[in-house]
Amino acid sequence: MTNLDEYWNEFITKTNRSQNDRCSGDLFFDSKGNNQASLTSLVLSGQKTAFFTPLATYTINQEPIPISGELYIVVDNNEKPVCVIETQSIEIIPFEEISWQMAKLEGEDNSFEEWKNKQIEIISDEGNILGFEFSPDIRMVFQTFTVIYK
C-alpha cells in the first residue's frame, strides 16, 4: 500500500508541480445513506464536486476554514490514497439559502427535498455529538473542488 507521503511525492513529480506545494490534509468521504466507496466513486467520476460542512464543526474543533487553492489527498476506507483534489471555492451560507444548483454538486441525491432531509439528519447527528443544533439559519461551509490527479 502506498502511504500518503509517497502518493503526494508521486503527484508532485508526475504533475510537475512545485516542491513547495503542500498537502492540506487527507479527506475521507462518508455520508449517511451512502457508503464511502460510492462517494469516492462519485468524486473520481467527477459527479461529486462539492460538499457542505456546518461552520460550527470547524469552530468547535478549532479547525481553520478551507481556502481556495488548498490541495487534499482523498483516501478510501482502507486509508489508501485515490486522488488529489484542489479547493476551487468556499462560501459560508445559511442552510435555508442553499439552492438546488449548489446541492446538486454533491452528486448524491435525486431531488432537493431528498437532499434537504438527508442533510438535516446529518447535521443534527453531528450537532448531537459536537454540541450544536440544526436550525434553518445554521451557517454552512460550501466547498467546491476539482480532481486534479488520480
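Of all heavy-atom pairs between Phe132 and Ile60, the closest is CD2-CD1, 3.7 Å. Leu42 and Gly107 make their closest contact through CD1-O, 3.3 Å (heavy atoms, listed as atom of the first residue, atom of the second, distance). Closest approach of Ser89 and Ser68 over heavy atoms only: CA-OG, 3.5 Å. When every heavy atom of Pro64 is checked against every heavy atom of Tyr58, the shortest pair comes out as O-CD2, 3.6 Å. Residues Glu97 and Ile93 come closest through the heavy atom pair O-CD1, 3.4 Å. Taking each heavy atom of Ser18 and Ile12 in turn, the nearest pair found is O-CD1, 3.6 Å.
Counting heavy atoms from C-beta outward, Met102 and Met140 have side chains that stay 4.5 Å or more apart. Contact annotation: the side chain of Tyr7 never approaches that of Lys80 to less than 4.5 Å [non-hydrogen atoms, C-beta and beyond]. By the 4.5 Å heavy-atom criterion applied to side chains, Asn61 and Leu130 are counted as neighbours. A heavy-atom distance below 4.5 Å is found between the side chains of Leu44 and Cys83. Proximity of Leu55 to Ile65: side-chain heavy atoms (C-beta onward) are separated by under 4.5 Å at one or more points. No side-chain heavy atom of Val43 sits less than 4.5 Å from a side-chain heavy atom of Val82.
Following chains of ILVMFWY side-chain contacts shorter than 4.5 Å, one cannot reach Phe28 starting from Ile129, and the two form parts of different hydrophobic clusters. Under the 4.5 Å side-chain heavy-atom criterion for ILVMFWY residues, a single connected hydrophobic cluster contains both Phe112 and Ile138. Hydrophobic clustering (side-chain heavy atoms under 4.5 Å, transitive across Ile, Leu, Val, Met, Phe, Trp, Tyr) keeps Val84 apart from Ile67. A continuous path of Ile, Leu, Val, Met, Phe, Trp and Tyr side chains, each step under 4.5 Å between heavy atoms, connects Ile148 with Trp8, placing both in one hydrophobic cluster.
Taken to the nearest 0.5 Å, the CD atom of Glu86 stands 10.0 Å off from the OG1 atom of Thr144. Atom NZ of residue Lys118 and atom OG of residue Ser111 lie 10.5 Å apart, to the nearest 0.5 angstrom. Note that the CG atom of Asn128 and the CD1 atom of Ile123 stand 12.0 Å from one another [nearest 0.5 Å]. With values rounded to the nearest 0.5 angstrom, Glu10 atom CD is found 8.0 Å from Thr13 atom OG1. Between the CG atom in Leu105 and the CD atom in Gln143 there is a gap of 12.5 Å [rounded to 0.5 Å]. For the atom pair CZ (Arg22) and CG (Leu71), the distance works out to 11.0 Å, reported to the nearest 0.5 Å.
Using a 3.5 Å distance cut-off with no hydrogens or angles, the side chains of Thr87 and Glu70 do not pair a donor with an acceptor.
Within a 6.0 Å sphere centred on CZ of Arg17, heavy atoms belonging to other residues, nucleotides or ligands number more than 12.
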Verdict with supporting geometry, Leu27 and Phe51, side-chain contact (heavy atoms from CB on, under 4.5 Å): CA-CA 11 Å; Leu27 291 175; Phe51 59 93; 4.3 Å; yes
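Between Phe145 and Tyr72, the ring center distance fails the sub-6.0 Å criterion.
The aromatic rings of Phe142 and Phe52 sit parallel, their planes meeting at an angle under 30°, below the 60° perpendicular limit. Classification of the Phe95-Trp115 ring pair by plane angle, with boundaries at 30° and 60°, yields parallel.
Looking at Asn3, its side chain does come within 3.5 Å of a backbone N or O of Asp5 through a donor-acceptor pair.
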